[in-house]
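In what follows, a single structure is set out as structure tokens and then discussed.
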Amino acid sequence: MSTPTVTAVRGDITAQHVDAVVNAANRRMRGGGGVDGAIHRAGGPAVLADCIVRFPRGLATGDAGWTTAGDLPARWVIHTVGPNFRAGERDRTLLTSCYRRALEVADDLGARTVAFPLISSGIYGWPADDAIDAAVETLTATMCDVEEARIVAFDDGLLERLEQRLRRPPY
Ligand code: AR6
């Protein structure tokens, strides 16, 4: 066990060739927009079918769980529910918990490479710079068997900010 190497790339989370991709889901766990919509579209109906079986009552904010990745290049989807800043959920420990719990689930699965979106920073409205700090702080400090934690930025501006943050230790 050690801490993962944290990398940043620009791209689409659904195109990552990794053991597991992380979904920025919601508590209902029945799909949605943003990353969630993209994962369900690209993964196909097997992802929703598995969500219904594994999460009959949904998932709590800050928690994580897994399903098949269906037609995605990854083997598993690790779903986590970030806090909805826009709706007043502003407890930062809920956001860091998403990253920590996702790594724990990855360990349970034996996943060594895991791709993360920047959880809560889209539809849920968490300010991007603090969302980057929370991701980098938590991923660089959590002991686990994951070797690479890859943060996937959807646009060049976000990638630039992530790369700057990763060049600025201590994390
Ligand atoms: N690949 C990588 N990053 C992406 C992609 C993609 N395909 N699509 C969006 N992003 P969001 P949240 C970026 O909104 O804020 C859903 O409806 C996006 O630019 O997907 O946690 C769920 O069902 C942003 O930086 O997740 C929930 O209801 C980041 O990924 C709610 O949205 C996260 O944006 C969750 O909102």
Side-chain angles (χ1 to χ4, degrees), residues 4 6-14 16 18 20-43 47-48 50-52 54-67 69 72 74 76-109 111 114-142 144 146 148-155 157-159 161-162 165-166 171:
V6 180
T7 60
V9 300
R10 201 193 76 80
D12 185 329
I13 192 97
T14 64
Q16 303 301 308
V18 286
V21 295
V22 174
N23 183 20
N26 60 59
R27 288 199 301 258
R28 278 192 65 237
M29 285 294 295
R30 298 293 181 268
V35 168
D36 200 8
I39 282 179
H40 279 272
R41 265 193 308 280
V47 179
L48 179 59
D50 212 10
C51 282
I52 292 167
R54 291 181 191 280
F55 307 104
R57 282 174 299 279
L59 193 61
T61 304
D63 201 359
W66 65 274
T67 65
L72 292 169
W76 300 286
V77 176
I78 297 174
H79 304 262
T80 188
V81 182
N84 186 345
F85 188 91
R86 234 180 269 288
E89 275 186 305
R90 300 189 176 179
D91 177 353
R92 198 172 186 272
T93 62
L94 290 173
L95 183 55
T96 55
S97 168
C98 290
Y99 291 97
R100 198 168 304 107
R101 281 287 302 130
L103 290 174
E104 281 172 15
V105 172
D107 270 2
D108 292 343
L109 293 166
V114 182
F116 291 81
L118 204 56
I119 298 161
S120 289
S121 73
I123 291 164
Y124 280 176
W126 201 282
D129 282 326
D130 193 51
I132 289 172
D133 279 346
V136 171
E137 279 164 26
T138 311
L139 292 173
T140 53
T142 302
C144 59
V146 172
E148 183 192 1
R150 181 185 305 173
I151 306 173
V152 182
F154 211 32
D155 61 73
L158 196 58
L159 178 64
R161 286 151 87 178
L162 263 167
R165 181 67 183 81
L166 287 170
Y171 303 115

Inset, instruction - May I ask you to test the Leu158-Ile132 pair for a side-chain heavy-atom distance under 4.5 Å? - result: yes
Legend entry - Cys98 vs Val81 side-chain heavy atoms within contact, under 4.5 Å: no
Legend entry - Sub-4.5 Å side-chain heavy-atom contact between Asp107 and Val146: yes
Legend entry - Atom pair OG1/CZ of Thr93 and Arg100 - distance to nearest 0.5 Å: 8.5 Å
Inset, instruction - Indicate whether the side chain of Glu137 and that of Thr96 have a donor and an acceptor atom separated by less than 3.5 Å. - result: no
Inset, instruction - Applying ring-ring contact (aromatic ring centres under 6.0 Å, His included), name anything that partners Phe85, two or more places apart in sequence or on another chain. - result: Trp126
Inset, instruction - State which residues pass side-chain hydrogen bond (donor to acceptor under 3.5 Å, both in side chains) with Asp50; sequence neighbours excluded, sorted by chain then number. - result: Arg54
Legend entry - Summary of salt bridge (Lys or Arg N to Asp or Glu O under 4.0 Å) pairs that have at least one residue in residues 114-129, sequence neighbours excluded: Asp129-Arg161
Legend entry - Value rounded to 0.5 Å, distance of OH in Tyr124 from CG in Leu95: 12.5 Å
Legend entry - Close side-chain approach of Asn23 to Met29, heavy-atom, < 4.5 Å: no
Legend entry - Side-chain donor/acceptor of Arg86 to backbone N/O of Ile123, under 3.5 Å: yes
Inset, instruction - Might you point out which heavy atoms bring Thr7 and Leu166 nearest each other, and give the distance in Å? - result: C-CD1, 4.2 Å
Inset, instruction - Could you tell me which non-hydrogen atom of Ser120 sits nearest to which non-hydrogen atom of Pro83, and how far apart they are? - result: OG-O, 2.9 Å
Inset, instruction - I would like to know whether Ile151 and Val136 meet side-chain contact (heavy atoms from CB on, under 4.5 Å); could you show each step before the answer? - result: CA-CA 9 Å; Ile151 306 173; Val136 171; 4.3 Å; yes
Inset, instruction - Measure the CH2-OG1 distance between Trp76 and Thr67 for me, rounded to the nearest 0.5 Å. - result: 11.5 Å
Inset, instruction - Quick one: list whatever passes side-chain hydrogen bond (donor to acceptor under 3.5 Å, both in side chains) with Thr80, sequence neighbours left out. - result: none
Inset, instruction - Give the minimum heavy-atom separation between Ala135 and Leu118, together with the two atoms involved. - result: CB-CD1, 3.9 Å
Inset, instruction - Identify the two heavy atoms, one from Ala153 and one from Leu159, that lie closest to each other, and give their separation to 0.1 Å. - result: CB-N, 3.6 Å
Inset, instruction - Output every pair passing salt bridge (Lys or Arg N to Asp or Glu O under 4.0 Å) with a member in residues 27-39, not counting sequence neighbours, ordered by first then second residue. - result: Arg27-Glu89
Legend entry - Residue pair Gly62 / Ser97: nearest heavy atoms and the distance that separates them: O-OG, 2.6 Å
Inset, instruction - Would you please classify the geometry between the Phe55 ring and the His79 ring as parallel, tilted or perpendicular, with 30° and 60° separating the classes? - result: perpendicular
Inset, instruction - Over all heavy atoms of both residues, which pair between Leu162 and Ala8 is shortest? Give the atoms and the distance, please. - result: CB-CB, 4.1 Å
Inset, instruction - List for me each residue that meets side-chain hydrogen bond (donor to acceptor under 3.5 Å, both in side chains) alongside Glu104, sequence neighbours excluded, and say none if there are none. - result: Arg101
Inset, instruction - Please examine the side chains of Phe116 and Leu103, heavy atoms only from C-beta on, and report whether any two atoms are closer than 4.5 Å. - result: yes
Legend entry - Beyond-backbone contact of Arg41 with Thr14, side-chain heavy atoms, under 4.5 angstrom: no
Inset, instruction - Could you give me the CA-CA distance, side-chain angles and deciding distance for Val21 and Val152, then say whether side-chain contact (heavy atoms from CB on, under 4.5 Å) is met? - result: CA-CA 10 Å; Val21 295; Val152 182; over 6 Å; no
